[in-house]
*Asks:* 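Submitted below is the structure of interest, expressed as structure tokens.
The sequence lines fix the lettering, A, B, ..., with proteins before strands; numbering per chain opens at 1. Everything numeric here is computed off the predicted structure, so don't read it as measured data.
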There are 2 protein chains.
Amino acid sequence: MVYTEKRIEHALRQGGYKITPQRRTIINAVINSHEHLTPAEIHGRVRRENPGIGLVTIYRTLEILASLNLICEMHAGGNCRSYLMRRPLEHHHHLICSDCGTVIDFTDCNLGELERRLSKETSFKISGHLLEFVGQCRKCRGKTLVGQDINA
Amino acid sequence: MVYTEKRIEHALRQGGYKITPQRRTIINAVINSHEHLTPAEIHGRVRRENPGIGLVTIYRTLEILASLNLICEMHAGGNCRSYLMRRPLEHHHHLICSDCGTVIDFTDCNLGELERRLSKETSFKISGHLLEFVGQCRKCRGKTLVGQDINA
DNA sequence: TACTAAATGAAAAAGATTTTCAATTAGCAC
DNA sequence: GTGCTAATTGAAAATCTTTTTCATTTAGTA
């Protein structure tokens, strides 16, 4: 399940934001991709449809969408920021290659119990969590000469 | 348990790198902090001890330490990159209040099994993870009127 | 002590992101 | 539909962060 254009526009209006053609185009670009896209990549896609659109508008729109919790902002290797449509009923976690930045998504995690315990111990009302594993993917592991892990 | 300066220097030499005063200072700065530090923050701390040291050297040293798996490179909100000494046997997690920013640390999490499974399924060599819960602390919970989440 | 490859710092370059500001436009009242 | 107003846009400039280049210095070793 993914947010539809309608639902997103509704959420924008609710938040007091206007629906502009630029925003529509950006939203569609994000909806229609299942990958993480950087602002520059989104700009590239959006320009195909609307060549005049500026990178600044991409940044501004993404910021709004993220603040409304409609998209998920990610930070991974290199430079650095990327966005993905949120899929409301799923969790969305990442396994990131620290060398090449490849991101693998996974949705299952068994943090329910931990969350309950923390919540009880701290009196927090927990609304979400971020879980990221970092490591080396198979390809990058191959490239490294040494695997000296002084932990071993 | 934390890497000691000695062990780190050993690992550097093993990797064919020289031990310079600059590198020592940087390593100590990272060892002596339990927080995630950005390169700029590390530069700030290191300068107190060695004012001449350049930011470039920080970047270069951090890159080496990360490639040797001695520190853990993280990417999180904003700008963006930060580093933390790897503490092989400990984890370091946060519970953050989204309103006032209070951070509560906790170290236990039962992600070992998930990590093993992910590792197996993806052929990643997982070197660390970041786990953050976000919510409202007791105080802020009192203050808020609305909790509009279109997911609900 | 001298040698050599590696490391350093300064400056410049390259990117990413944010700010500023004048011009345009969406949404609303009429 | 028309006009109004605040929000939005795009261009340019400003800020940051990170990387590259290059001449100089230095750690490690013979």
*Asks:* Using five pairs at each end of the helix from C/dT1-D/dA30 to C/dC30-D/dG1 to define an axis, what is the angle between those two axes, to 10°?
*Replies:*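 Nearest ten degrees gives 40° for this helix.
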
*Asks:* Between the protein and nucleotides 21-24 of chain C, which nitrogen or oxygen pairs come in under 3.5 angstrom?
*Replies:*
none

*Asks:* Atom OH of A/Tyr59 to atom C1' of C/dT18: distance rounded to whole Å?
*Replies:*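 To the nearest whole Å, that distance equals 9 Å.
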
*Asks:* Would you compute the distance between atom CG of A/Leu65 and atom CG of A/Leu12 and round it to the nearest 0.5 angstrom?
*Replies:*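 The CG atom of A/Leu65 sits 6.0 Å away from the CG atom of A/Leu12.
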
*Asks:* To the nearest 0.5 Å, what is the distance between CD on B/Glu41 and OG on B/Ser33?
*Replies:*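 Rounded to the nearest 0.5 Å, the CD-OG separation comes to 8.5 Å.
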
*Asks:* Under the salt bridge (charged side-chain N to carboxylate O under 4.0 Å, His left out) test, which residues partner B/Glu9, sequence neighbours left out?
*Replies:* B/Arg13, B/Arg24

*Asks:* State the CG-CG distance between A/Leu37 and A/Leu62, to the nearest 0.5 angstrom.
*Replies:* 9.5 Å

*Asks:* Of all the choices, D/dA7, C/dA7, D/dT18, which nucleotide is nearest to the side chain of B/Pro39 once you look at every atom?
*Replies:* D/dT18

*Asks:* How long is the line joining OH of A/Tyr17 and P of D/dA6, in whole Å?
*Replies:* 18 Å

*Asks:* Would you sort out whether B/Ile8 and B/Ile31 count as a side-chain contact (heavy atoms from CB on, under 4.5 Å), showing the intermediate values?
*Replies:* CA-CA 10 Å; B/Ile8 291 170; B/Ile31 285 182; 3.7 Å; yes

*Asks:* How many Å lie between NE2 on A/His43 and C1' on D/dG10, as a whole number?
*Replies:*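 Rounded to the whole Å, the gap is 10 Å.
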
*Asks:* Taking CD in B/Glu5 as the centre, count heavy atoms belonging to other residues, nucleotides or ligands within less than 6.0 Å. Is the count above 12?
*Replies:* yes

*Asks:* Output the distance between atom OH (A/Tyr59) and atom CD1 (A/Ile26), rounded to the nearest 0.5 Å.
*Replies:*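 With rounding to 0.5 Å, OH (A/Tyr59) is 12.0 Å from CD1 (A/Ile26).
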
*Asks:* Can you list the steps and then say if B/Arg117 with B/Glu121 is a side-chain contact (heavy atoms from CB on, under 4.5 Å)?
*Replies:* CA-CA 6 Å; B/Arg117 215 198 63 226; B/Glu121 286 175 8; 3.1 Å; yes

*Asks:* Which one, D/dT8, C/dT17, C/dG9, comes nearest to the side chain of B/Gln22?
*Replies:*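 Selected nucleotide: C/dG9.
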
*Asks:* Is it true that a side-chain atom of A/Thr25 and a backbone atom of A/Pro21 form a donor plus acceptor pair closer than 3.5 Å?
*Replies:*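 Flag set: sc A/Thr25 to bb A/Pro21 pair under 3.5 Å.
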
*Asks:* To the nearest Å, give me how far apart CG (A/Leu62) and P (D/dT8) are.
*Replies:*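 Result: 15 Å.
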
*Asks:* If I take atom CD1 in residue A/Ile42 and atom P in nucleotide C/dA16, what distance separates them, rounded to the nearest angstrom?
*Replies:* 13 Å

*Asks:* Can you check the B/Leu55 CG to C/dA7 C1' distance for me, whole Å?
*Replies:*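 Result: 16 Å.
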
*Asks:* Please give, in whole Å, the distance from C/dT25 P to A/Asn50 CG?
*Replies:* 12 Å

*Asks:* In terms of side-chain heavy atoms of A/Lys18, which of C/dT17, D/dG28, D/dT8 is nearest?
*Replies:* D/dT8

*Asks:* Could you say whether A/Arg23 or B/Arg24 is positioned toward the 5' end of DNA chain D, judged by the nucleotide with the nearest heavy atom to each?
*Replies:*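 Result: A/Arg23.
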
*Asks:* What integer distance in Å separates A/Ile58:CD1 from C/dT18:C1'?
*Replies:* 15 Å

*Asks:* Is any side-chain nitrogen or oxygen of A/Thr20 closer than 4.0 Å to OP1 or OP2 of D/dT8?
*Replies:*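 So the side-chain polar atoms of A/Thr20 never come under 4.0 Å of the phosphate oxygens OP1 or OP2 of D/dT8.
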
*Asks:* Of all the nucleotides listed (C/dA7, C/dG9, D/dA7), which has the minimum atom distance to the side chain of B/Val56?
*Replies:*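 Selected nucleotide (nearest to the side chain): C/dG9.
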
